[in-house]
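As structure tokens, the structure follows; a few thoughts come after it.
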Amino acid sequence: MAAERLQFHEMGLDDRLLKAVADLGWSQPTLIQEKAIPLALEGKDLLARARTGSGKTAAYAVPVIQRILTSKQSVREQDVRALILVPTKELGQQVQAMIRQLTAFCSRDVRVADISGKADLSAQRPILMEKPDVIVGTPSRVLAHLNAQNLLLHSSLEMLVVDEADLLFSFGFEADLKNLLCHLPKIYQSFLMSATLTEDVQALKELLLHNPVILKLQGSQLPDSNQLQQYSIKCEEEDKFLLIYTLLRLQLVQGKTLVFVGAVERSYRLKLFLEQFGIPACVLNSELPVHSRCHIITQFNQGFYDYIIATDEQSLANPTAAPQAAAGKGKKKKNSERGGKNKDKEFGVSRGVDFQNVSNVVNFDFPVTVESYIHRVGRTARADNLGTALSFIAHTELGLLSEVEEALTGENSESVLKPYEFKMEEIEGFRYRCRDAMRSVTKQAVREARLKEIKQELLNSEKLKTYFDDNPRDLQLLRHDKDLHPAVVKPHLKNVPEYLVPETLRGTVNPLSGRRKRKKMDKPQPEGVMKSSFKKNIRGRNPLRSFRYSGGRSGNRRGKTGKS
Ligand code: AMP
């Protein structure tokens with residue numbers, strides 16, 4: 001099958017583009033690329049539904065770049081030829097990065113500017129005056145520039161891409177998008193990329209696309225169980241903390257892990273809790289300055305951190321959504337906490353962002369919609385890599401679990417989320433420590449941590465930005481997973497005495513090895529070193545795979561750490 005796949009060099013692409021693709025280590029196009037690139041090069045409008053992580057950015061970026069290179073052979077005049085609309089700043093940055101990689105050998109001919117991230121319109125004006133060939137931005141930002149006449153598109157635009165179209169709606173960009181269309185010329189080629197084909201996307205299709213080719217490549221929105229293992233485990237609030245502590249401390253979850261929580265306050269609570277045990281983790285949420293957020297993702301992708309605790313922005317997109325069950329009490333408060341005014345509407349962690357080589361996604365709090373589940377879990381098992389998703393389910397979250405089950409199971413009778421048959425009673429010995437740690441993480445401590453981190457990150461983000469522009473190597477040394485320490489840390493909690501380790505796991509896990517490794521890793525390591533240490537872990541016995549679950553194929557086969 002793979003041998004029959006149309007290859008990049010058979011698509012009539014410019015040599016410079018082919019060289020960049022080869023440099024990225026892409027031996028062949030992904031399915032969406034194989035189908036979309038030739039059609040796009042023929043000039044067709046496209047509506048593509050492809051699951052997240054399927055290589056859809058390059059599926060539109062390659063034809064966009066090719067078309068610009070071709071136009072430039074006849075028309076020398078510099079103008080904006082392509083506009084790529086994205087729902088979040090993080091995605092904007094990633095799309096720009098991907099285009100930069102693909103134009104590595106023709107960067108003079110194809111210039112790209114991402115205008116989604118910076119706050120100040122006037123600061124971006126000079127960039128737009130240079131008329132970059134490709135502009136990436138959120139609809140609101142692009143519209144603001146069009147209204148300010150910093151940007152004119154009505155005569156020059158040849159291509160429009162709407163990426164993650166379904167999310168543009170859930171982030172409330174509908175009106176901006178419609179207003180923006182009035183500034184575009186009558187004829188241009190359009191690509192609409194979307195993980196789901198919602199009614200909104202269908203409506204947008206009518207508005208934007210002319211006689212489009214519709215590509216629905218994947219029946220399922222997530223990879224199948226050969227690539228992605230999905231588990232759930234029932235546990236209430238305290239047990240969630242107990243379980244995450246044990247899984248991470250005993251390294252039952254191995255490799256890079258994204259832990260999703262439902263509110264910013266909970267992310268700091270969890271970070272401070274793990275801090276008590278000497279487990280470092282970064283927090284990623286909409287309150288942090290965009291520069292810090294992007295830096296955290298970049299460093300995570302480079303292998304600096306093992307754990308990110310991310311607050312799902314679903315609640316921002318839909319502030320009226322049912323509160324996370326795990327939060328239990330104080331529903332009203334939770335809701336306002338989620339939709340708070342400090343939140344950045346264009347923050348997107350579970351959506352579209354390319355976290356690379358993520359082995360596991362843990363839903364500490366279960367997502368409130370099926371869509372959100374798909375987007376979160378889609379952060380692992382990307383491209384050809386393997387991954388595991390583990391969801392903690394409190395009794396109040398059971399309804400949400402059934403909805404996800406129903407949506408994912410489809411016509412199959414077998415449930416997609418297998419029970420993670422972990423014997424909680426075997427880790428009872430850890431409960432005392434867990435309670436001890438939870439007691440130290442008071443409301444006051446969480447509040448202080450939150451403030452401290454924002455102050456710290458603002459400083460990193462703004463004041464040091466110019467310095468880091470000149471000294472990029474120093475930026476590498478800046479870590480985001482340092483202890484925040486507003487809670488009293490009891491040093492003894494960092495150690496795990498052998499007698500507490502469940503008998504079945506003695507000899508399999510070494511609770512102290514993580515600490516030694518972490519010390520070494522405090523200095524950023526070259527990627528190769530990180531990869532080989534992962535491989536060592538992964539190739540060895542993997543408890544998430546072998547521990548307790550006896551229902552057939554299971555586990556956390558980790559993907560190739562090759563570029564994804
Ligand atoms: P995307 O769906 O665009 O977010 O891409 C997901 C990941 O797949 C990114 O890390 C890309 O670098 C990677 N990728 C894209 N195209 C290919 C390809 N043809 N071969 C291998 N990896 C790819």
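In listed order, ligands and their atoms are each counted from 1. Side chains are part of it too, since the values below use all heavy atoms of this structure and drop only hydrogens, waters and symmetry mates.
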Is Lys256 close enough and on-axis enough to Phe355, meaning under 6.0 Å and within 45°, for cation-pi?
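Pair Lys256/Phe355 does not count as cation-pi.
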
Is the NZ or CZ atom of Lys418 both under 6.0 Å from the centre of the six-membered ring of Tyr231 and within 45° of that ring's axis?
no

Does even one non-hydrogen atom of Gln94 get within less than 4.0 Å of ligand 1?
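Distance cut 4.0 Å: Gln94 fails for ligand 1.
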
With a 4.0 Å cut-off on N to O distance, would you call Lys72 and Asp133 a salt bridge?
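Yes, charged N to carboxylate O under 4.0 Å.
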
Are Glu164 and Lys56 ion-paired here, with the side-chain N under 4.0 Å from a carboxylate O?
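Yes, charged N to carboxylate O under 4.0 Å.
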
Gln28-ligand 1 polar pair, N/O distance under 3.5 Å
yes

Any N or O of Pro29 closer than 3.5 Å to N or O of ligand 1
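No: no nitrogen or oxygen of Pro29 is under 3.5 Å from one in ligand 1.
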
For ligand 1, which atoms have a heavy atom of [X] less than 4.0 angstrom away?
X: Ser54; answer: 2 (O)
X: Met98; answer: 12 (O)
X: Gln33; answer: 15 (C), 16 (N), 17 (C), 18 (C), 19 (N)
X: Thr57; answer: 1 (P), 3 (O), 4 (O)
X: Gly55; answer: 1 (P), 2 (O), 3 (O), 5 (O), 15 (C)

Minimum heavy-atom separation for Leu146 and Leu151, please, with both atom names.
CD2-O, 3.3 Å

Can you check which of Phe355, Trp26, Tyr60 brings a heavy atom nearest to atom 20 (N) of ligand 1?
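Selected option, by shortest heavy-atom distance: Trp26.
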
Given side chains that start at C-beta, do those of Gln189 and Arg67 come closer than 4.5 Å, heavy atoms only?
yes

Quick one: does ligand 1 sit under 4.0 Å from the side chain of Ala59, the backbone, both or neither, non-hydrogen atoms only?
neither

Could I get the full list of salt bridge (Lys or Arg N to Asp or Glu O under 4.0 Å) partners for Asp14, not counting sequence neighbours?
Arg16

